[in-house]
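For ligands, and for the atoms within them, numbers begin at 1 and follow the listed sequence. In what follows, every heavy atom counts, from backbone to side chain, and hydrogens, waters and symmetry copies are set aside.
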Amino acid sequence: MSATPAAVIVAIDGPSGTGKSSTSKAVAARLGLRYLDTGAQYRAMTWWMLNNGIDVSDPSEIAAAADKPAIVSGTDPQAPGISADGADASVPIRSQEVTAAVSAVSAVPEVRTRITDLQRTIAAGTQEPGDAGTGIVVEGRDIGTTVLPDADLKVFLTASPEARAARRSGELKSADGKAHADLAATQQALAARDKADSSRKTSPLKKAGDAVEVDTTELTLEQVIECVVTLVEKASADKAGRMEKAAR
Ligand SMILES: Nc1ncnc2c1ncn2[C@@H]1O[C@H](COP(=O)(O)OP(=O)(O)OP(=O)(O)O)[C@@H](O)[C@H]1O
Ligand SMILES: Nc1ccn([C@H]2C[C@H](O)[C@@H](COP(=O)(O)O)O2)c(=O)n1
């Protein structure tokens with residue numbers, strides 16, 4: 001008889017616009033797992049700094065302020081939510097101003113240490129009663145390499161620059177109601193953010209050696225979700241099998 005599925009820790013990394021958030025939320029909702037958007041945490045830190053007069057072009061000012069705001073992330077995949085010092089940050093963290101500054105803020109080691117500690121506490125489930133021993137899907141840039149190197153499953157999503165820009169400008173179009181977002185400008189902005197995120201010294205965007213790479217360029221979102229659900233179910237069954245064997 002097969003073992004009951006085990007609670008799993010899933011790391012989903014990749015560049016911007018590859019589908020990490022959409023996929024992670026849907027997979028977590030389907031499998032009854034918690035969900036953590038780590039990009040939202042870096043964005044909330046950036047938003048707080050912009051609102052509190054921190055010069056985000058000065059790494060030493062960023063470092064000195066890194067331990068100041070209380071960043072609280074929800075883990076419900078249907079309504080994750082995020083706040084900074086008690087203020088709801090869910091909407092403003094998606095502004096152009098925050099997007100333009102977040103790579104600089106997230107490159108500062110003191111910021112990364114602070115946010116990484118938070119991420120590990122949330123993943124361990126020790127923050128909220130009832131979370132301990134429950135699984136989670138954590139998405140970001142360095143989850144498989146640095147934050148949760150012992151994750152039960154690591155997935156690295158990719159997509160061509162053209163596909164990613166088309167997805168993003170579709171999003172911008174629906175947000176501002178204008179007929180066309182500038183595709184070339186969107187592609188350029190994505191490339192600049194990828195370059196900054198993958199070339200920083202501390203914990204850059206990188207595929208973990210043991211991650212499963214999924215190229216989403218030619219896949220619909222639903223196909224990507226199906227693919228990752230299958231990978232998670234297998235990782236969960238394998239883990240349950242190992243636990244059962246160890247208990248014998
Ligand atoms: N396979 C896909 N096919 C078509 N559209 C997709 C696919 N995956 C995601 N999308 C769409 O692309 C957009 C970006 O997706 P999403 O926000 O999930 O990417 P992301 O990797 O989390 O980006 P970021 O790191 O910038 O937050 C969304 O509008 C989403 O619906
Ligand atoms: N684990 C992570 C997650 C995010 N970041 C930084 C780099 C991104 O450009 C930025 C915003 O992320 P997004 O909301 O676009 O997923 O946050 C990081 O450094 N490490």
Relative to ligand 1, is [X] under 4.0 angstrom through side chain, backbone, both or neither, heavy atoms considered?
X: R141; value: side chain
X: L219; value: backbone
X: R193; value: side chain
X: T220; value: backbone

Quick one: does [X]'s side chain get under 4.5 Å of [Y]'s, heavy atoms only?
X: L221; Y: T23; result: yes
X: F156; Y: P15; result: yes
X: I82; Y: D37; result: no
X: T46; Y: I93; result: no
X: V27; Y: V10; result: no

I'd like to check which ligand 2 atoms, numbered from 1 as shown, lie under 4.0 Å from a non-hydrogen atom of [X].
X: S103; answer: 9 (O)
X: S106; answer: 6 (C), 7 (C), 19 (O)
X: G140; answer: 1 (N), 3 (C)

Legend entry - Distance filter under 4.0 Å to P15 heavy atoms, resulting ligand 1 atoms: 21 (O)

Run the salt-bridge test on [X] and [Y] with the 4.0 Å N-O cut-off and return the result as yes or no.
X: R114; Y: E110; answer: no
X: D142; Y: K206; answer: no
X: D13; Y: R141; answer: no
X: R164; Y: D215; answer: no
X: E213; Y: K154; answer: no
X: D238; Y: K234; answer: yes

Given that the side chain starts at C-beta and the backbone is N, CA, C, O, which of these parts of [X] lies under 4.0 Å from ligand 2, counting heavy atoms, or is it both or neither?
X: R200; answer: side chain
X: R94; answer: side chain
X: R141; answer: both
X: Q41; answer: neither
X: D197; answer: side chain

Inset, instruction - Say whether Y42, considering both its backbone and side-chain N or O atoms, lies within less than 3.5 Å of an N or O atom on ligand 2. - result: no

Write out the residue and atom name of the closest protein heavy atom to [atom], then the distance separating them to 0.1 Å.
atom: atom 1 (N) of ligand 2; answer: D142 OD1, 2.8 Å
atom: atom 4 (C) of ligand 2; answer: G39 CA, 3.5 Å
atom: atom 13 (C) of ligand 1; answer: E171 OE2, 3.4 Å
atom: atom 15 (O) of ligand 2; answer: R193 NH1, 2.9 Å
atom: atom 30 (C) of ligand 1; answer: S22 OG, 3.5 Å
atom: atom 9 (C) of ligand 1; answer: G19 CA, 3.7 Å
atom: atom 3 (C) of ligand 2; answer: T38 OG1, 3.3 Å
atom: atom 14 (O) of ligand 2; answer: R43 NE, 2.7 Å

Which is closest to [atom] by heavy-atom distance: [options]?
atom: atom 26 (O) of ligand 1; options: R167, R168, K20, R164; answer: R168
atom: atom 10 (C) of ligand 2; options: L190, V105, V98, V102; answer: V102
atom: atom 20 (N) of ligand 2; options: K20, E139, R112; answer: R112

Inset, instruction - Give a yes/no on ligand 1: does G17 have at least one heavy atom closer than 4.0 angstrom to it? - result: yes

Inset, instruction - Give a yes/no on ligand 1: does K25 have at least one heavy atom closer than 4.0 angstrom to it? - result: no

Does one side chain, of [X] or [Y], offer a donor that lies under 3.5 Å from an acceptor on the other?
X: T186; Y: R168; answer: no
X: E139; Y: S21; answer: yes
X: S103; Y: D197; answer: yes
X: T99; Y: R43; answer: yes

Inset, instruction - Please check if Y42 and V147 belong to a single hydrophobic cluster, counting links between Ile, Leu, Val, Met, Phe, Trp and Tyr side chain heavy atoms closer than 4.5 Å. - result: no

Legend entry - Any N or O of S21 closer than 3.5 Å to N or O of ligand 1: yes

